[in-house]
Amino acid sequence: MLDLMTSNAAAAKAAALARVEVIAAYPITPQTTISEKLAEMAAAGEIKAKYIQVESEHSAMAALIGASYIGARTFTATSSQGLALMHENLFWAAGARRPIVMTVVSRALGPPWNIWTDHMDVMGERDTGWMQFFCENNQETLDTILIAYRVAEDRDIMLPAMVIEDGFILSHTFEKVDVPAIEEVDFFLRPFDPEVRVDLKNPHRYGSLVMPDWAMEFRFNNSLAMDRARRKFIEAGEAFRKAFGRDYGNLVEPYRCEDAEAVLVIAGSAAGTAKVAADRMRERGKKVGVAKLRVFRPFPAKELRSLAQHAQVIGVFDRSYTYGFGGAIFSEVRGALYSHGRDVKIKGFVGGLGGRDITESELEKVFEDLLTIYHTGRMDREIEWVGLKDGSWRW
């Protein structure tokens with residue numbers, strides 16, 4: 001059934017379709033309407049879920065960790081400073097192998113205070129052990145949440161997942177969304193059935209102290225689960241295609257990359273803009289393509305290396321900056337392709353911070369820059385900031 005809704009409404013609808021059992025909610029812009037919509041559903045009896053109003057995002061995650069231990073399917077949503085406040089418990093949820101699904105409506109971190117989108121908040125949590133899935137549009141938000149539950153709750157995985165949508169650009173923008181029937185979702189997403197759960201008749205201790213002779217093995221097992229999640233995501237995407245007709249069977253979605261001389265790797269809503277820019281470049285005979293990064297954790301090194309077998313110049317557009325060397329996606333793409341056996345030139349672009357528009361014309365200039373590198377073999381700068389009001393601006 002087609003419905004007109006925002007990405008936030010799509011996220012709430014997906015949680016309802018997944019028959020979540022415990023929701024912990026604390027409002028923060030631009031995520032608030034997800035929590036509000038779920039509160040309305042719970043109050044009206046449309047969902048049979050325990051809706052917990054907590055005093056902070058830190059408490060929200062703590063509540064869901066406990067609920068997951070007793071075998072409940074759990075959900076929450078947050079943004080920016082709220083996600084940062086969860087930081088301690090994000091590590092706990094991942095280390096304890098709790099398959100919590102959380103929508104993160106990406107938003108800048110302050111100061112200066114800013115409520116608009118960038119990816120600094122989610123990139124700041126990339127090493128906590130959570131899977132991270134990026135959405136281009138409202139339909140992907142709904143669909144990816146359902147896929148996230150299927151992957152996270154698989155007994156071979158048992159890891160939490162962030163489903164990331166861009167604040168305001170998606171969260172408050174209306175688009176047509178194909179909403180599946182809950183009976184169809186029931187067939188795709190079976191009830192949560194963890195192998196280990198709290199049982200008062202058979203008590204155990206959870207999250208206890210581990211000595212140095214075993215601590216490293218726990219982290220190693222988490223790393224193996226994250227590695228297995230690559231295949232599980234592809235399998236879940238294929239099952240989703242068979243059930244609903246929409247294809248999510250890859251971690252990186254290539255667009256016009258077959259004969260591309262230069263390819264731009266990009267994540268989130270800006271991927272759609274990049275596709276339009278690529279189409280315009282193609283109309284002018286310029287061979288460029290887009291690689292939409294759908295999954296950042298687990299990192300799709302294999303898919304990016306396959307991309308590098310064809311493209312000789314790869315650009316990476318980050319809506320974040322790490323204060324190291326470029327954005328997080330650029331650093332990891334370059335690391336994955338380093339010493340891969342091909343002389344691929346990689347350039348990082350940083351833009352769209354604090355909600356600044358990433359326009360088609362700017363991305364066309366990015367493609368022109370990459371094509372210049374392709375034809376001349378020279379790269380003046382490895383990191384380029386895109387869209388600054390004045391290139392000489394300083395604090």
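Quantities reported herein were computed from a predicted structural model and do not represent experimental measurements.
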Worksheet item: Stepwise, does the side chain to side chain contact (heavy atoms under 4.5 Å, CB included) test hold for Leu90 with Trp130?
Response: CA-CA 8 Å; Leu90 295 181; Trp130 283 60; 3.5 Å; yes
Q) Would you call Asp156-Lys232 a salt bridge at under 4.0 Å N-O? A) yes
May I ask you to establish whether Arg319 and Trp116 are in a cation-pi arrangement, using a distance under 6.0 Å from NZ or CZ to the six-membered ring centre and at most 45° from the ring axis?
no
Walk me through it: do Glu258 and Lys287 pass the test salt bridge (Lys or Arg N to Asp or Glu O under 4.0 Å)?
CA-CA 9 Å; Glu258 298 83 1; Lys287 294 182 179 181; over 6 Å; no
Is the closest side-chain heavy-atom distance between Val105 and Ile34 below 4.5 Å? yes
For the pair Asn138 (side chain) and Met5 (backbone), establish whether a donor and an acceptor sit closer than 3.5 Å, ignoring hydrogens and angles.
yes
Are Thr141 and Ser7 close enough that a side-chain donor and a side-chain acceptor fall under 3.5 Å?
yes
* Asked: Salt bridge between Glu46 and Lys37, side-chain N to carboxylate O under 4.0 Å?
  -> no
Is any NZ, NE, NH1 or NH2 atom of the basic residue among Lys365 and Glu368 found under 4.0 Å from an Asp or Glu carboxylate oxygen of the other? no
Note: Arg297 and Met226 closest approach over all heavy atoms is C-SD, 4.1 Å
**Study point:** Note: Asp3-Lys176 ion pair, threshold 4.0 Å (strictly below)
**Key:** no
Smallest heavy-atom separation, Trp92 atom then Gly207 atom, equals CH2-O, 3.6 Å
Can you confirm whether or not the ring centre of Phe133 sits under 6.0 Å from the ring centre of Phe296? no
Cation-pi between Arg246 and Phe240: NZ/CZ under 6.0 Å from ring centre and within 45° of the ring axis?
no
Does Ile164 reach the side chain of Thr144, with side-chain heavy atoms less than 4.5 Å apart? no
Do the non-hydrogen side-chain atoms of Phe367 and Lys286 ever get within less than 4.5 Å of each other? no
So His87 and Phe91, would you call those rings parallel, tilted or perpendicular, with 30° and 60° as cut-offs? perpendicular
Rounded to the nearest 0.5 Å, the SG atom of Cys135 sits from the CG atom of Asn137 at a distance of 8.0 Å
**Asked** Is it true that Phe220 and Phe218 have ring centroids separated by less than 6.0 Å?
**Response** no
Check: Between the side chain of Arg282 and the main-chain N/O of Val288, is any donor-acceptor distance below 3.5 Å?
Finding: yes
Determine, stepwise, if the pair Asp154 / Arg231 fulfils salt bridge (Lys or Arg N to Asp or Glu O under 4.0 Å). CA-CA 12 Å; Asp154 189 294; Arg231 177 173 53 84; over 6 Å; no
Mark yes when over 12 heavy atoms from residues, nucleotides or ligands other than Arg155 sit less than 6.0 Å from its CZ; otherwise mark no.
-> yes
Step by step, would you call Arg228 with Glu235 a salt bridge (Lys or Arg N to Asp or Glu O under 4.0 Å)?
CA-CA 11 Å; Arg228 291 193 295 270; Glu235 291 174 356; over 6 Å; no
Measure from the side-chain N and O atoms of Asp318 to the backbone N and O of Ile329, and report whether any donor-acceptor pair falls under 3.5 Å. yes
Just by distance, no angles: are the side chains of Glu136 and Ser269 close enough, under 3.5 Å, to form a donor-acceptor pair? no
Margin query: More than 12 heavy atoms of other residues, nucleotides or ligands under 6.0 Å from CZ of Phe325: yes or no?
Written below: yes
Requested in this report: Answer yes or no: is there a donor N or O on one side and an acceptor on the other, between the side chain of His204 and the main chain of Asn202, under 3.5 Å?
Outcome: yes
State plainly whether the residues Glu364 and Arg284 are in salt-bridge range, i.e. N to O under 4.0 Å.
yes
Q | Side-chain donor/acceptor of Ser35 to backbone N/O of Pro27, under 3.5 Å | A | no
Minimal heavy-atom distance between Gly82 and Ile28, with the atoms involved, is N-CD1, 3.4 Å
Legend entry - Close aromatic pair by centroid cut-off 6.0 Å: Trp385 and Tyr321: yes
CG of Leu142 to CG of Leu17, rounded to nearest 0.5 Å, is 6.0 Å
Q. Under 6.0 Å between ring centres, would you say that holds for Tyr26 and His58?
A. no
>> With a 4.0 Å cut-off on N to O distance, would you call Lys50 and Glu21 a salt bridge?
In response: no
With sequence neighbours left out, the residues meeting salt bridge (charged side-chain N to carboxylate O under 4.0 Å, His left out) with Arg334 are Glu382
### Message
Tell me whether Asp193 is salt-bridged to Arg190, with the criterion being a basic N under 4.0 Å from an acidic carboxylate O.
### Response
no
Does a salt bridge link Arg241 with Glu238, judged by any charged N lying under 4.0 Å from a carboxylate O? yes
Worksheet item: Mind checking whether Lys345 and Gln312 have side chains closer than 4.5 Å, heavy atoms only?
Response: no
The reported gap from CG in Asp380 to CG in Asp369 (rounded to nearest 0.5 angstrom) is 8.0 Å
Taken to the nearest 0.5 Å, the spacing of Asp166 CG from Ser106 OG works out to 4.0 Å
* Gln139 and Asp143 side chains, donor-acceptor separation under 3.5 Å -> yes
message = Check the orientation of Tyr149 and Phe75. Use parallel for under 30°, tilted for 30 to 60°, and perpendicular for over 60°.
response = tilted
inquiry  = Check Arg256 with Asp279, please: is the shortest side-chain N to carboxylate O separation under 4.0 Å?
reply    = yes
Identify each donor-acceptor pair in which a side-chain atom of residues 181-188 lies under 3.5 Å from a protein atom, sequence neighbours left out, and give them as a table.
from	atom 1	to	atom 2	distance (Å)
Glu184	OE1	Ala181	N	3.0
Asp186	OD1	Arg19	NE	2.9
Asp186	OD2	Arg19	NE	3.3
Asp186	OD2	Arg19	NH2	2.9

*Dump the intermediate steps for salt bridge (Lys or Arg N to Asp or Glu O under 4.0 Å) on Arg381 and Glu384, then the final yes or no.*
CA-CA 7 Å; Arg381 289 182 295 276; Glu384 194 87 50; 2.8 Å; yes
Q) Are the side chain of Ser80 and the backbone of Ala108 linked by a donor-acceptor contact shorter than 3.5 Å? A) yes
One should read off an interatomic distance between Gln31 CD and Glu36 CD, to the nearest 0.5 angstrom, of 9.0 Å
Test your reading of the model: is there a side-chain donor-acceptor pair from Asn114 to the backbone of Leu109, 3.5 Å cut-off?
no
Any donor-acceptor pair under 3.5 Å linking the side-chain atoms of Ser56 with those of Ser59? yes
| said: Donor-acceptor check, side chain of Gln132 to backbone of Val295, threshold 3.5 angstrom: yes or no? | reply: no
Flag, side chain of Arg305 to backbone of Leu337, donor-acceptor distance under 3.5 Å:
no
4.5 Å side-chain heavy-atom contact, Leu83 and Met162:
yes
Notebook entry, point to check: Can a donor-acceptor pair be found between the side chains of Asp259 and His310 at a distance below 3.5 Å?
Noted result: no
When the side chains of residues 96-104 are checked against the rest of the protein, which donor-acceptor pairs come out under 3.5 Å, sequence neighbours left out?
from	atom 1	to	atom 2	distance (Å)
Arg97	NE	Ile157	O	3.3
Arg97	NE	Met158	O	3.2
Arg97	NH2	Ile157	O	3.0
Arg98	NE	Ala96	O	3.2
Arg98	NH1	Ser68	O	3.1
Arg98	NH1	Ser68	OG	3.3

